[in-house]
Participant: 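Sharing a structure with you now.
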Amino acid sequence: MKINIVWLRRDLRLEDNTAIYNAINPDFPTLLLFIFDSQIIDDLERDDPRVNFIYDELEKINTEIKKADSGVLLQKGKPNEIFEKLNADYDINKVFWNHDYEPYAINRDQEITTFLEKHGIASESFKDQVIFEGNDVLKDDGKPYTVFSPFKRKWLKKFTRQHSQELTYSLEELNLLKTDFEFSLKDDIGIQPSEIKVLPYHLDIVEDYENIRDKPSINGTSLLSPHLRFGTVSVRKIVNYALDRSETFLSELIWREFFMQILYHFPNTVSSNFKPKYDTVKWRNNEAEFEKWCKGETGYPIVDAGMKELNTTGYMHNRVRMIVASFLCKHLLIDWRWGEAYFAKKLLDFELSSNVGNWQWAASTGCDAVPYFRIFNPTSQVKKFDPKMDYIRKWCPEFQSLTYPQPIVEHSYARERALDTYKTALS
Ligand SMILES: Cc1cc2nc3c(=O)[nH]c(=O)nc-3n(C[C@H](O)[C@H](O)[C@H](O)COP(=O)(O)OP(=O)(O)OC[C@H]3O[C@@H](n4cnc5c(N)ncnc54)[C@H](O)[C@@H]3O)c2cc1C
């Protein structure tokens, strides 16, 4: 029997999934496949919480489709080798997947497309994780936007309800392949359980988002980021929810797409400054100071609280991310790539485009109209955003103890040093 395959990757849901919807065919039952790509997971800890999250979400899908006597096929290995094996095991009509815009994924998908073509198997891929991808929102001259505000204006101008139309279908309509294989155990894949869990998202904050989003002590943001990252929720559903409720919240979703299209058009910015004029910044890159920053031992309570929240939960509030990132790049003059790599290792919502984009924003080397003079004062940021120090008390309760470290560097001195360093680089 010929079958269709849907290759799940960062779209771990049955509902409103473009690839799944397009694979529906009464003549060719669909097999849902997930590959734990050894080229990615072999570099991670065995108890990486994100890999655990992926597994757990796939298990939920598996439980659901068991009702239709089907199952998710879990594989581990290099995708091209897995597809070779699948080609031997199944008579494949067509393979479906949703787009992924990261440089590694683009190459991988191209390789798989070529392999399938060589074996006479069709494949088709779809936009699913964004409303507008790569070339959808371009300047009038056909070039990509590199500044957020005009990108957002064009995004909003182009948008119609059609773009966020959710796809609906029943489990029966999916015509899933009846299977009798067992869902692999974590152990079989080499995954060890993690204490760190992805929390459920919540949208009850959206109406008041503008007023509460900058206060790290309250649960005032949606916690959507890992869900959007791994596609456990559809972006169309979230955009529809935001549309009539909060322009500010919608704006944040557009930031996400802005950074995705930047990565798509400028893949070199993963490791290079978006603005090459900053290539000559002389980073101090002091390893001992970097370690103190990672551990939350800088003597600045808001920075230390943020890093401890990250190390404990895999999450950090956006306002605090901005403060710790600015502190690393400007106060300590440590290369943004070091901070980006540390966040990539720790964040449950690690998303290459958003991480690189925001780190370059913090270092003033990225897509930002504001020049390098923006240097957050970690003390006045506390007065503004955590005036009662509730957030600090939660994550860094030792800040009042005698053993709490002295500030790693004095603020005004560090500020002047950063300004001088950037100025020299540009001269
Ligand atoms: C240095 C630094 C690194 C970051 N790294 C990441 C990352 O790896 N992955 C990631 O998803 N976000 C990253 N962000 C952006 C932002 O901090 C998180 O998206 C946000 O804190 C997630 O929490 P939330 O879902 O409750 O956000 P909410 O405030 O509820 O926002 C809703 C959604 O909007 C999007 N969003 C919000 N702010 C931003 C932003 N500044 N840039 C892009 N998208 C945004 C996210 O998808 C988020 O889930 C980073 C920010 C900074 C300053």
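Quick caveat, the model's predicted, so the values are computed rather than measured. Order of appearance sets the numbers: ligands from 1, and atoms from 1 within every ligand.
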Participant: Relative to atom 27 (O) of ligand 1, which among D214, T221, I205 owns the nearest non-hydrogen atom?
Facilitator: T221
Participant: Could you tell me whether some N/O pair between S222 and ligand 1 is separated by less than 3.5 angstrom?
Facilitator: yes
Participant: Please table the atom pairs, donor to acceptor, closer than 3.5 Å between any side-chain atom in residues 352-359 and protein atoms at least two apart or in another chain.
Facilitator:
| from | atom 1 | to | atom 2 | distance (Å) |
| --- | --- | --- | --- | --- |
| N355 | ND2 | E340 | O | 3.0 |
| N355 | ND2 | E340 | OE2 | 2.9 |
| N358 | ND2 | S354 | O | 2.7 |

Participant: With heavy atoms only and a cut-off of under 4.0 Å, state how W361 meets ligand 1: side chain, backbone, both or neither.
Facilitator: neither
Participant: What residue and heavy atom of the protein are closest to atom 37 (C) of ligand 1, and at what distance?
Facilitator: E252 OE1, 3.4 Å
Participant: Name the closest protein heavy atom to atom 49 (O) of ligand 1, giving the residue it belongs to and the distance to 0.1 Å.
Facilitator: S225 N, 3.1 Å
Participant: To which protein heavy atom is atom 21 (O) of ligand 1 closest, and what is the distance rounded to 0.1 Å?
Facilitator: N318 CB, 3.4 Å
Participant: Looking only at protein heavy atoms, which one is nearest to atom 4 (C) of ligand 1, and what is the separation?
Facilitator: N355 OD1, 3.6 Å
Participant: Please list, one pair per line, the donor and acceptor atoms closer than 3.5 Å that link side chains of residues 138-148 to other protein atoms, with sequence neighbours excluded.
Facilitator:
| from | atom 1 | to | atom 2 | distance (Å) |
| --- | --- | --- | --- | --- |
| D140 | OD1 | K154 | NZ | 3.0 |
| D141 | OD1 | K143 | N | 2.9 |
| Y145 | OH | K154 | NZ | 3.3 |

Participant: Should you measure from each heavy atom of R256, which atoms of ligand 1 turn up under 4.0 Å away?
Facilitator: 43 (C), 44 (N), 47 (O)
Participant: For ligand 1, is F258 a contact, meaning one of its heavy atoms is under 4.0 Å away?
Facilitator: no
Participant: Is Y209 close enough to touch ligand 1? Criterion: a residue heavy atom under 4.0 Å from a ligand atom.
Facilitator: yes
Participant: CD of E287 to SG of C294: how many Å apart, nearest 0.5 Å?
Facilitator: 10.5 Å
Participant: Side chain or backbone, does F249 bring an N or O within less than 3.5 Å of an N or O on ligand 1?
Facilitator: no
Participant: Out of M322, R321, K346, E351, whose heavy atom is nearest to atom 13 (C) of ligand 1?
Facilitator: R321
Participant: What I want to know is whether D349 and ligand 1 share at least one N or O pair that is separated by under 3.5 angstrom.
Facilitator: yes
Participant: For atom 33 (C) of ligand 1, which protein heavy atom lies nearest, and how many Å away is it?
Facilitator: L253 CD2, 3.9 Å
Participant: Relative to the heavy atoms of F259, which atoms of ligand 1 are at a distance of less than 4.0 Å?
Facilitator: 42 (N), 43 (C)
Participant: Classify the ring geometry of Y422 against Y372: parallel below 30°, tilted from 30° to 60°, perpendicular beyond 60°.
Facilitator: parallel
Participant: Nearest heavy atom to atom 24 (P) of ligand 1: which of L223, V324, T248, L203 does it belong to?
Facilitator: L223
Participant: Closest by any non-hydrogen atom to atom 41 (N) of ligand 1: pick that one out of I212, V356, N358.
Facilitator: N358
